[in-house]
**Q** 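One structure, pasted below without further comment.
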Amino acid sequence: MKIDLTETTSSKINKALVQGRRAVGTPAIGMVLTLVIVTDEENAYDALKAANDASREHPSRTLVVIKRVSRSPRDRAKARLDAEVRVGTDAGTGETVILRLYGDVIDHAQSVVLPLLLPDAPVVVWWAVNAPAAPAQDPLGALAQRRVTDAYAAEQPIHELSTRAETYTPGDTDLSWTRITPWRSMLAAALDQAPCTVTSAEVEGEEFNPSCELLAMWLADRLNVPVTRKVSGGPGLTAVRMESSSGAIVLDRPDGSLATLSMRGQPDRAVALKRRDTSELLAEELRRLDPDEIYARALKFGVDRLGHGNGEQPAAGESAEAESGPAKPAAKKAAKKAAAK
């Protein structure tokens, strides 16, 4: 069921939600959270489709915030709110409200969203495009326990990672990180099967792909070894190679679907490692609402401390530690001071 409201208010939208539930015969729905999607008109359909698919696992009230750009000064001065309320089969397993903001109300989206949040339920904000530099300081982000961005949708994805590191607040996450969950699980399992000491690693994938950079930073942070970044034609991540005391460990996925895990002394194994849809990524993020400390550590490691497969070395203070093993505390302190200068 769909209910269109023109030049409306949050109070009228809440009444329409109640009316819609009664009309479809579902007066009470067990929704577990409120998902706020901030997007533009061009990407609204895809974002809403992903949210509806994810709602099968996480029934939620979905609020889609679309800020419409006014063309004339007169239109920009006139505040207006239009809404489309969807319940029943048109809204997945929850409720959906599409909010279109015009004029001055664009700068006060939080005032529109706040009365529509489910009481006593977590709030997740997802910026499908055009995420703010500091999500936690954004008026909508301040309402949420979890803030989801996507560096891959930015014009400069790698620069976006640096911005995310500078403004990181517990509760922030990024779909570029979620995309590498199967890779991280597979690599960790491989190291569990063959206890050894990793000496170096190489991550191969598309240029300007933030997931590749995050995987490389995660390996460098967790293993404390030099990691180089090699560019390939894709799609996405294509291979990870780790040199260890027991030989090379290689996870190779040339086609974006089926990967091969190769380890010395063991037969090659085929691994299903397909590229996942946005709905799957979103559903994974909605499973946890606590801060992701592993993501924070990988993000703050820094893209500039990675080698790039062309003879580049890690930044000052990092190369010595990588070549001679863990540095002494005094050496680490001196390196940090040098880097700060």
Side-chain angles (χ1 to χ4, degrees), residues 1-55 58-132 138-144 147-148 282:
M1 179 178 181
K2 297 181 181 180
I3 303 174
D4 289 324
L5 302 171
T6 304
E7 296 190 22
T8 186
T9 63
S10 297
S11 176
K12 292 179 180 178
I13 294 172
N14 269 318
K15 291 179 181 178
L17 286 168
V18 174
Q19 175 189 344
R21 286 199 298 268
R22 289 175 177 171
V24 299
T26 54
I29 300 178
M31 291 173 287
V32 298
L33 57 86
T34 302
L35 174 62
V36 181
I37 304 174
V38 186
T39 184
D40 55 20
E41 200 71 64
E42 180 182 357
N43 296 280
Y45 175 82
D46 291 336
L48 186 54
K49 184 178 184 301
N52 284 343
D53 291 343
S55 72
H58 309 279
S60 59
R61 173 175 289 181
T62 302
L63 307 177
V64 184
V65 178
I66 302 174
K67 299 179 180 181
R68 298 294 298 268
V69 178
S70 301
R71 297 182 178 180
S72 67
R74 176 181 293 181
D75 291 338
R76 286 194 292 270
K78 183 180 179 182
R80 191 178 107 206
L81 170 64
D82 293 346
E84 180 182 328
V85 177
R86 300 180 182 181
V87 294
T89 56
D90 292 314
T93 59
E95 300 171 338
T96 298
V97 181
I98 302 175
L99 304 166
R100 290 183 171 87
L101 283 58
Y102 301 81
D104 292 342
V105 75
I106 288 177
D107 299 324
H108 305 282
Q110 74 279 6
S111 300
V112 176
V113 169
L114 185 60
L116 301 176
L117 301 179
L118 289 173
D120 302 321
V123 178
V124 178
V125 177
W126 170 35
W127 288 271
V129 292
N130 302 325
D138 182 84
L140 283 174
L143 302 175
R147 296 166 292 276
V148 184
L282 188 60

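Hydrogens, waters and symmetry mates are skipped; everything else that's a heavy atom, side chains included, is used.
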**Q** Among all residues two or more places apart in sequence or in another chain, which pass the side chain to side chain contact (heavy atoms under 4.5 Å, CB included) test with Leu114?
**A** Leu117, Leu143
**Q** Please report the closest heavy-atom contact between Trp127 and Gly141, naming both atoms and the distance.
**A** CH2-CA, 3.8 Å
**Q** Given the rule in the side chain to side chain contact (heavy atoms under 4.5 Å, CB included) test, do Thr9 and Leu81 qualify, once you have shown the distances and angles that lead to the verdict?
**A** CA-CA 7 Å; Thr9 63; Leu81 170 64; 5.7 Å; no
**Q** Please check if the side chain of Ser10 supplies one atom and the backbone of Val112 the other of a donor-acceptor pair under 3.5 Å.
**A** yes
**Q** For Ala121 and Leu33, work out which heavy atoms get closest and say how close.
**A** CB-CA, 4.2 Å
**Q** Taking atom types as modelled and ignoring hydrogens, do the side chains of Asp46 and Asn43 form a donor-acceptor contact shorter than 3.5 angstrom?
**A** no
**Q** Distance from Arg68 atom CZ to Leu101 atom CG, nearest 0.5 Å?
**A** 11.0 Å
**Q** Could you check whether any side-chain N or O of Arg21 sits under 3.5 Å from a backbone N or O of Ala16, counting only pairs where one atom can act as donor and the other as acceptor?
**A** no
**Q** Residues two or more places apart in sequence or in another chain: which of them pass side chain to side chain donor-acceptor pair (under 3.5 Å) with Gln110?
**A** none
**Q** Has the side chain of Asp82 got a donor or acceptor atom that lies under 3.5 Å from a matching backbone atom of Glu7?
**A** yes
**Q** Within 45 degrees of the axis of the six-membered ring of Tyr102 and under 6.0 Å from its centre: does Arg80 put its NZ or CZ there?
**A** yes
**Q** Quick one: pull up CD1 in Ile37 and CG in Leu140 and give me the separation to the nearest 0.5 Å.
**A** 12.5 Å
**Q** Pair Thr34, Thr62 - check side chain to side chain contact (heavy atoms under 4.5 Å, CB included), show working.
**A** CA-CA 6 Å; Thr34 302; Thr62 302; over 6 Å; no
**Q** Assess whether a salt bridge exists between Arg86 and Glu95, defined as any Lys/Arg side-chain N lying under 4.0 Å from an Asp/Glu carboxylate O.
**A** no
**Q** Taking it one step at a time, do Val105 and Asp107 satisfy side chain to side chain contact (heavy atoms under 4.5 Å, CB included)?
**A** CA-CA 5 Å; Val105 75; Asp107 299 324; over 6 Å; no
**Q** Below 4.5 Å, heavy atoms only, C-beta onward: do Ile3 and Val87 meet side chain to side chain?
**A** no
**Q** Mind checking the CD1-CD spacing from Ile13 to Glu84? Nearest 0.5 Å is all I need.
**A** 11.5 Å
**Q** Taking atom NZ as the centre, does Lys15 end up with more than 12 heavy-atom neighbours from other residues, nucleotides or ligands that are less than 6.0 angstrom away?
**A** no
**Q** When you measure from the side chain of Asp40 to the backbone N and O of Lys67, does any donor-acceptor pair fall under 3.5 Å?
**A** no
